[in-house]
Amino acid sequence: MSDERYSPTGIRVAPIYGPANRPSDTGQPGEFPFTRGIHPTMYRGRLWTMRQYAGFGTAAETNQRFRQLLAAGQTGLSVAFDLPTQMGYDSDAAISDGEVGRAGVAIDTVDDLAVVFGGIPLDQVSTSMTINSTAAILLAMYVVLADEQGVARGDLRGTIQNDVLKEYVARGTYIYPVEPSLRLITDIIRFVSDEDVNFNPISISGYHMREAGATAVQEVAFTFANAIEYVDRVTASGLDVNQFAPRISFFFAAHNDLFEEVAKFRAARRLWARIVRERYGGDDSSCRLRFHTQTGGSTLTAQQPLNNVVRVAVQALAAVLGGTQSLHTNSYDEALALPSAAAARVALRTQQILAYESGTAQTVDPLGGSHYVESLTDEVERESQRLLAEIAEMGGAAQAIDRGFFQDAIAKSAYAQQRAIEAAEQVVVGVNRFIEDEQLEIVQAPDYSGLAAIQIERVRRAREGRNHQRCEAALNDLGRGAAGDESLMPLIVAAVRARATVGEISDTLRAVWGTFHSGA
């Protein structure tokens, strides 16, 4: 009987590792290729940023949750937006019916964002915004809000996701065809650099591809393939890599296999450093992989939901041992509904226990030198390089996505994972082993229709109260810019300042560029 064992990615796991599995290239923390961490002292000098992803219905409700989290010791904010905001529609658009405020907060104008951050000084908090196709608009709103509050743009801190390529692969909140979408991303990166806005203009995301079923290796390779596409576009526009690469950040998932996840983060750090050095001649600052981690939403179970507390703790431990710069821990009840305040507090306390009680922050790269972890690190890097070479032969990420390569690979991986769970070859405690007869908790949903009515009235009042001529002129200027080759971010900022809505700005661009149709 064979006793062959494999990691979730398919890497063969030996029964024991020793000196023969010596590390290939670790170096020292803070030194190229940064396998052991991007800073010499890592968490001994500064802990990771503790974020909790939140956004509920109206701006006022989201502001209340943010204040609760900050009071509980959270050190950074992470904003979830509803689907109409993500897709570029106003709350009163017919297509938004039934979706306003459901997946996150509804934002129609910059005044809604002002309510979200009411009483929260923008120069004293780091803000992450999970937004992609309308990222330019939300960043413009944040900048205008800072301007109107008298906060210098250089004093802002935060990140917008702004990674549209993975939307075509795994998430679906795309609007425009690929080429104008890439143009918009390039404009955002140049704007942040030119205007000295202290914001990460893109967070290239493997998280959503992992959640869709990608393996750890696919997560790394596909994320870096997308990153190469973006960096190629920006450098082709005339910006030197060292002018913007230090502000590029990444977003990865943490799943249940503790050692493979730690190895993944270490391998990713080393691989990205080599890509930036060898392909673009980047300096050390450009070569440092800075990343946010979120625990795996797809690993949470509705059955025996308190088990998720343990899963999240293991995943958070992997992220910390792997050297993440910021971390979101999921709430145990998210498989049932939006997280309750109590569950969100437990999720935050999980990070705080890791930081202050577990000893993981006492030394740098605690698992460095582990024969097993170093061997896994080498294997993840090697397999990721193999996939990247295959994508390069297709002409890069945009071409590979157009051919469906990413999508097919992830679909096959997701299918294999589901088959393994259904056959009980992959154990999920409480789902296919150690099952108990239980009645799943029925969670009372918020009154979404009531929330939508409030937001619809807000956007209608906003349109009535603005300077119509100024707003129309700003939108006309944006349309002309989109039809030409003008930089779009200053035009979007002007439209936001004139109180144009998310939907109006998006419609202006839709009228010029059209929309993306899958399979077209």
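In what follows, every heavy atom counts, from backbone to side chain, and hydrogens, waters and symmetry copies are set aside.
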Nearest heavy-atom neighbours spanning [X] and [Y]:
X: Leu289; Y: Ile38; answer: O-CG2, 3.5 Å
X: Ile204; Y: Thr223; answer: CG2-O, 3.5 Å
X: Arg288; Y: Arg290; answer: O-NH1, 2.9 Å
X: Leu317; Y: Leu354; answer: N-CD1, 3.7 Å

What do you reckon, are the aromatic ring centroids of Tyr168 and Phe406 less than 6.0 Å apart?
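No, the ring centres sit 6.0 Å or more apart.
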Measure centre to centre between the rings of Tyr17 and Tyr372, then say whether the value is under 6.0 Å.
yes
Sort and list the pairs that fulfil salt bridge (charged side-chain N to carboxylate O under 4.0 Å, His left out) and have at least one residue in [range], not counting sequence neighbours.
range: residues 34-43; value: Arg36-Asp365
range: residues 137-147; value: Asp147-Arg153, Asp147-Arg497
range: residues 246-264; value: Asp196-Arg247, Arg210-Glu261, Glu219-Lys264, Glu261-Lys264

Just by distance, no angles: are the side chains of [X] and [Y] close enough, under 3.5 Å, to form a donor-acceptor pair?
X: Thr49; Y: Ser326; answer: no
X: Arg190; Y: Ser237; answer: yes
X: Thr377; Y: Arg266; answer: yes

Check [Y] with [X], please: is the shortest side-chain N to carboxylate O separation under 4.0 Å?
X: Arg171; Y: Glu167; value: yes
X: Glu504; Y: Arg499; value: no
X: Arg403; Y: Glu390; value: no

How many angstroms lie between [atom1] in [X] and [atom2] in [Y], if you round to the nearest 0.5 Å?
X: Phe34; Y: Trp272; atom1: CZ; atom2: CH2; value: 13.0 Å
X: Ile160; Y: Asn132; atom1: CD1; atom2: CG; value: 9.0 Å
X: Ser126; Y: Leu77; atom1: OG; atom2: CG; value: 8.0 Å
X: Leu388; Y: Arg386; atom1: CG; atom2: CZ; value: 10.0 Å

Between the main-chain N or O of Asp232 and the side-chain N or O of Arg279, is there a donor-acceptor pair closer than 3.5 Å?
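Not confirmed, Arg279 side chain does not pair with Asp232 backbone.
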Contacts of type ring pair (Phe, Tyr, Trp, His ring centres under 6.0 Å), residue [X], not counting sequence neighbours:
X: Phe251; answer: Tyr207, His208, His292
X: Phe191; answer: none
X: Tyr356; answer: none

